[in-house]
There are 2 protein chains.
Amino acid sequence: MGHERTKMIETSSLSLTDQVFERLQAAIIEGDMPQGSKISEPELAKIYGVSRGTLREALSRLEERQLLVRSPHLGARVITLSLEELVDIYQVREALGGMACALAAQKMTDEEIVELRVLLNAHERSIEEDRGLSYYQQEGEFDFHYRILQGSRNSKVLRVLEGGMYQLIRMYRYQFSMASPRPYQALKEHRRIVDAIEERDAELADLLMRRHIQTARKSIEERHKKAMAHRGN
Amino acid sequence: MGHERTKMIETSSLSLTDQVFERLQAAIIEGDMPQGSKISEPELAKIYGVSRGTLREALSRLEERQLLVRSPHLGARVITLSLEELVDIYQVREALGGMACALAAQKMTDEEIVELRVLLNAHERSIEEDRGLSYYQQEGEFDFHYRILQGSRNSKVLRVLEGGMYQLIRMYRYQFSMASPRPYQALKEHRRIVDAIEERDAELADLLMRRHIQTARKSIEERHKKAMAHRGN
DNA sequence: TGTCGGAGAAGTGTCGACACATTTACCTTG
DNA sequence: CAAGGTAAATGTGTCGACACTTCTCCGACA
């Protein structure tokens, strides 16, 4: 009776569905569930220790995120990635990233810009030390872009890129081991972008960001053409 | 009504969840469920004649589409729209619409371009006859933009705009009765865009589409400022 | 030998029920 | 009469079960 019920504001307490959703999403992105593989609801439910109903709610959300495809009575399959789609994604990223960058140049606070520089310095160190290299390429890159999105003060572009496109790009990187092979060059481009933002030059910021993403996209297109040639299209 | 090429195989019957999802989505967009209103699962389930489990799957998808917000143990509420968000949406639409238009200028077939012209002629007639005026504004506009998206051959931009942004814009239009009050001007702009596409001038097509959307966005921003002034911010 | 078809197995679609959290209504108390 | 607490009612989170569909495998038949 006399329990002290210091009720903390435990925001966590995610529902089971949420937990399953996140774990499944990670499993798909990181390739633990192979592309195109069929998903057996009873089997997965047992693995995660939840009921099928709970699992199915998570599946519904994953389907809406385009991470898996479901057809009535046939079940769910993990999406299959193609380089064509990846190019599509980079085109979207280019247009939206450029826009976000222009907005960020107008709306970021001076403080945020300083923090951006600090972040880039940390990136430089981790490249030099050559140990966090893969980290930089895998997550640090997204960290930088994420802050730009935040700075744009546009909730929609954040949701589209962070909630949709970036996830898919991560998935490609994991599964095709396509880390960008030019960390120093990328860092230099990032610095120039921050310069433009600092000078509040929205047009230049847009241009630089587009060019930055374009570089990656073109390298993918190149790779794609080669792949097509190899398999004798 | 456009021709449906490569239409999917006659889907025998959508699952109950799918039906509920679509009906709910329409109800939210068209304002049958007021903004911010709380959703009672047992009540809704009874109305649609399905079990709560079925309903909850639909709710999960709606949540992922940002049409409603759910918090653990507190239930689901229809999203609340703000003009700030609408501006965000139009910014995204501007960047993506421009990009799609540039791509369409490169990739649309001559046939598709002719069909675009036919569509615009139909729009003109329905404006002149003054009977389908609201139809043109409400759906015809989206029809035009939808075909551009199709023509871009970019599956992602189609999904983002058609599956996310356009829905929200429709919702605003329904609930704030914000049909664009300049059908003739819009039609003229649409024609110029098609001209640019026909000439395969990607850069111009991009510019014209951006400007076209910008016009709408600025009128919204204007309206927003007025509203803010009125309520004495 | 190949293919056609029909049990049987496995899987998906949908439902109703129960445990626990939250809200509401009411009663006690200062 | 206001404030606070308690109990009923409502609502959400999660589960197991059943019907019907699709898949699998094997035997019958040409």
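Order of the sequence lines sets the chain letters (A, B, ...), proteins ahead of strands, with each chain counted from 1. Just so we're clear, the structure is a prediction, and the values are computed from it rather than from any experiment.
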Figure out the [atom1]/[atom2] separation between [X] and [N], and round it to whole Å.
X: A/R70; N: D/dT22; atom1: CZ; atom2: C1'; value: 16 Å
X: A/L14; N: D/dG13; atom1: CG; atom2: P; value: 12 Å
X: B/K38; N: C/dT23; atom1: NZ; atom2: P; value: 9 Å
X: B/K46; N: D/dT10; atom1: NZ; atom2: C1'; value: 13 Å
X: B/R77; N: D/dG11; atom1: CZ; atom2: P; value: 13 Å

**OP:** Assign each of A/G49 and B/A76 to its nearest nucleotide of DNA chain D by heavy atoms, then name whichever residue's nucleotide is nearer the 5' end.
**Re:** B/A76

Original post:
On DNA chain D, nearest-nucleotide positions of A/H73 versus A/L16: which is more 5'?
Top reply: A/L16

Side-chain polar contacts of residues 26-36 of chain A - donor-acceptor pairs under 3.5 angstrom, sequence neighbours left out - could you list them?
residue : atom : partner : partner atom : Å
A/Q35   : OE1  : A/L81   : N            : 2.9
A/Q35   : NE2  : A/Q175  : OE1          : 3.1

**OP:** Quick one: list whatever passes side-chain contact (heavy atoms from CB on, under 4.5 Å) with A/S51, sequence neighbours left out.
**Re:** A/T54

Original post:
Under 3.5 Å, side chain of B/N154 to main-chain N/O of A/D88, donor-acceptor pair present?
Top reply: yes

Original post:
Can any side-chain N or O of A/Y166 pair as donor or acceptor with the backbone N or O of A/V160 at less than 3.5 Å?
Top reply: no

**OP:** Would you check if there is a donor-acceptor pair between the side chains of B/R77 and B/S71 at a distance under 3.5 Å?
**Re:** no

**OP:** Determine the contact category for B/I39: base if any of its heavy atoms lies under 4.0 Å from a base atom, sugar-phosphate if only primed atoms, P, OP1 or OP2 are that close, otherwise nothing.
**Re:** sugar-phosphate

**OP:** Please determine if A/R170 forms a cation-pi arrangement with A/F142, meaning its NZ or CZ atom is less than 6.0 Å from the six-membered ring centre and no more than 45° off the ring axis.
**Re:** yes

By nearest atom, which of the nucleotides [options] is closest to the [X] side chain?
X: A/E41; options: C/dG13, C/dG11, D/dT12; answer: C/dG13
X: A/V50; options: C/dT12, C/dT14, D/dC15; answer: D/dC15
X: B/S15; options: C/dT22, C/dT14, D/dT14; answer: C/dT14

Original post:
For residues 51-68 of chain A, which residues have at least one heavy atom under 4.0 Å from DNA chain D?
Top reply: A/S51, A/R52, A/T54

Original post:
Is any NZ, NE, NH1 or NH2 atom of the basic residue among B/E41 and B/R56 found under 4.0 Å from an Asp or Glu carboxylate oxygen of the other?
Top reply: yes

